[in-house]
Amino acid sequence: MSTQTRFLLNETDLPKFWYNVMADSPVPPQPVLHPVTKAPVTPDFLSVLFPMELILQEISTDRFIEIPEPVREIYKLYRPTPLIRARRLEQLLDTPAHIYFKNESVSPVGSHKPNTAIAQAFYNKAAGTKAITTETGAGQWGTSLAMACNFFGMDLEVYMVKISYHQKPYRRIFMETYGAQVFASPTDRTEYGRSLLAQDPNNNGSLGIAISEAVEVAAKSGGTKKYSLGSVLNHVLLHQTVIGEEALKQMDLAGEYPDVVIGCVGGGSNFGGIAYPFLRENLKNGQRTRLLAVEPTATPSLTKGVYTFDYGDTAQMAPIVKMYTLGHTFMPAGIHAGGLRYHGMAPSLSAFYDAGLIDAVAVPQTGTFEAAVMFARTEGIIPAPESAHAIRAAIDEALDAKAKGEKRVILFNLSGHGHFDMTAYQSYLSGDLVDYEYPAEAVAEAMKHLPQVEAITT
Ligand SMILES: *Cc1c(COP(=O)(O)O)cnc(C)c1O
């Protein structure tokens with residue numbers, strides 16, 4: 001019997017195309033609406049924020065989109081990433097299941113996010129953009145875009161949620177090392193930020209507020225600055241499909257095919273990245289892999305949210321999209337998986353979940369860290385708290401297979417490592433971590449503030 005643990009591809013196996021799931025989507029795309037007029041947005045409106053090539057990808061129905069050579073050259077710094085069989089975790093669980101993970105933590109910044117940051121920086125540079133604005137919560141997205149902008153010689157302004165700015169100084173320094181400018185949001189650099197600070201000078205910020213600030217700066221720049229988003233949008237999930245395309249080849253090397261593919265979901269990009277190529281195999285080639293999205297019980301957009309039109313940001317400046325949402329007025333609890341605290345979910349993933357093509361589960365924080373520590377002590381990698389949600393679900397699958405005496409092939413995405421999350425581990429190890437269930441009443445209350453668009457869209 002083979003004891004192979006790492007399934008590696010050569011540089012020459014690096015995918016040449018991203019997979020665009022919209023080409024095979026059995027559900028029609030929903031319109032994207034202007035936040036003020038509530039009419040479908042035109043490419044002109046979007047072109048204030050994004051370069052045209054990314055807007056075309058956003059609405060494209062081409063099945064495969066070629067990865068530009070300069071992007072592939074930078075991908076080669078860390079791709080193809082390894083597929084690893086978690087044999088020591090299997091032994092600990094004493095399960096007949098086979099557990100594989102795709103290790104996206106090997107990128108220079110430690111997460112999957114450079115897969116789209118590099119692509120977005122490339123298309124902006126090609127379109128003549130001078131500077132990019134963006135937001136960051138925990139800091140992973142800002143770090144990835146800072147590295148990418150540096151490679152393409154572009155300036156970057158990062159609006160970082162104020163509480164993270166103060167709690168995670170090392171993330172800020174990481175971004176500054178690549179040459180980015182980092183501001184604690186809400187700032188006095190935007191009209192929206194100033195209005196919030198006038199009401200409450202101690203406003204701690206939120207991802208929704210930081211998005212609003214970054215969008216405002218780009219929108220008012222007269223075309224010199226563009227805005228970049230690290231998740232949610234079709235083109236972001238598109239760029240992440242390199243993960244799943246590589247994983248398909250590597251599962252083939254392992255001589256197995258996954259019964260279940262698992263990823264954590266914040267806005268949906270690392271999950272979409274690993275799952276969409278397997279969804280294609282389900283839709284086109286008769287495979288029957290279960291695709292499982294995992295979210296925190298504190299931010300249960302899929303499992304407790306509502307599938308409806310909502311603003312992408314708190315200030316109601318970003319477009320309105322149809323998605324599973326907790327309401328744009330959502331104020332997250334202070335859980336440690338900062339990257340999973342967004343109020344909405346990628347529209348494509350929302351549509352597939354609504355159509356029953358993917359499953360979702362919510363897991364609590366303490367069980368998640370328990371899984372993270374088991375993983376660290378068996379496989380040696382300290383996972384990001386976000387990724388630990390996927391590990392929790394993978395372990396639960398393996399234990400379920402054991403209870404049923406089934407051999408099950410499990411694949412999960414290790415979206416990042418947790419080297420900048422030691423305070424989270426400290427809280428867990430000292431027993432200070434508490435679970436939090438987002439209340440259904442809060443969702444019901446937030447639904448009263450949804451944009452009124454039904455007349456237009458139904
Ligand atoms: C940002 C982030 C996430 C959540 O974002 P998605 O778009 O849902 O993937 C998950 N894991 C890590 C390590 C992240 O940095």
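Read the numbers this way: they start at 1 and go in the same order the structure lists the ligands and their atoms.
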message: Suppose I only count heavy atoms of Gly416 and a 4.0 Å limit; which atoms of ligand 1 are within that range?
response: 13 (C)
message: So, using side-chain contact (heavy atoms from CB on, under 4.5 Å) as the criterion, who are the partners of Tyr428 when residues are at least two apart?
response: Phe369, Glu370, Val373, Leu433
- request: For atom 2 (C) of ligand 1, find the nearest protein heavy atom and state the residue, atom name and distance (0.1 Å precision).
  value: Lys113 NZ, 2.3 Å
query: Does Lys16 pair with Glu66 as a salt bridge, N-O distance under 4.0 Å?
result: no
query: Between Asn270 and ligand 1, which part of the residue brings a heavy atom under 4.0 Å of the ligand: side chain, backbone, both or neither?
result: both
field: Best match, Gly139, Ser269, Ser144: closest heavy atom to atom 6 (P) of ligand 1
entry: Ser269
task: Return a yes/no value for Gly266: is any of its N or O atoms, backbone included, closer than 3.5 angstrom to an N or O of ligand 1?
output: yes
query: What protein heavy atom sits nearest atom 4 (C) of ligand 1, and how far away is it?
result: Gly339 O, 3.4 Å
- prompt: What residue among Ile118, Thr129, Ile132 forms side-chain contact (heavy atoms from CB on, under 4.5 Å) with Phe152?
  reply: Ile118
message: So for ligand 1, is Gly268 a polar contact partner (N or O within less than 3.5 Å, distance only)?
response: yes
task: Give the residue, atom name and distance (to 0.1 Å) of the protein heavy atom nearest atom 12 (C) of ligand 1.
output: Ser415 OG, 3.4 Å
message: If the threshold is 4.0 Å, N to carboxylate O, is there a salt bridge linking Arg85 and Glu90?
response: yes
- prompt: Of the backbone atoms (N, CA, C, O) and the side-chain heavy atoms from C-beta on, which set of Val236 has a member under 4.0 Å from an atom of ligand 1: side chain, backbone, both, or neither?
  reply: neither
field: Carboxylate-amine/guanidinium proximity below 4.0 Å for Lys249 and Glu245
entry: no
- prompt: Mind checking whether His112 has a heavy atom under 4.0 Å from ligand 1?
  reply: yes
message: Using the salt bridge (Lys or Arg N to Asp or Glu O under 4.0 Å) criterion, which residues pair with Glu157? Sequence neighbours excluded.
response: Arg189, Lys225
task: Heavy-atom contacts with Leu340 under 4.0 Å: which atoms of ligand 1 show up? List them by number with element.
output: 4 (C)
query: In terms of side-chain heavy atoms, does Thr81 have a donor or acceptor partner in Glu104 at a distance below 3.5 Å?
result: yes
field: Charged N-O contact under 4.0 Å between Asp259 and Arg288
entry: no
query: In ligand 1, which numbered atoms sit nearer than 4.0 Å to a non-hydrogen atom of Glu386?
result: 10 (C), 11 (N), 12 (C)
message: Gly267 versus ligand 1: do any nitrogen or oxygen atoms come within less than 3.5 Å of each other?
response: yes
query: Which atoms of ligand 1 are found less than 4.0 Å from any heavy atom of Val265?
result: 8 (O)
Heavy-atom donor-acceptor pair, His449 side chain to Ala446 backbone, under 3.5 Å: no
query: Of the protein's non-hydrogen atoms, which lies at the shortest distance from atom 7 (O) of ligand 1, and what is that distance?
result: Ser231 OG, 2.5 Å
- prompt: In terms of side-chain geometry, is the basic nitrogen of Glu397 or Arg290 positioned less than 4.0 Å from the acidic oxygen of its partner?
  reply: yes
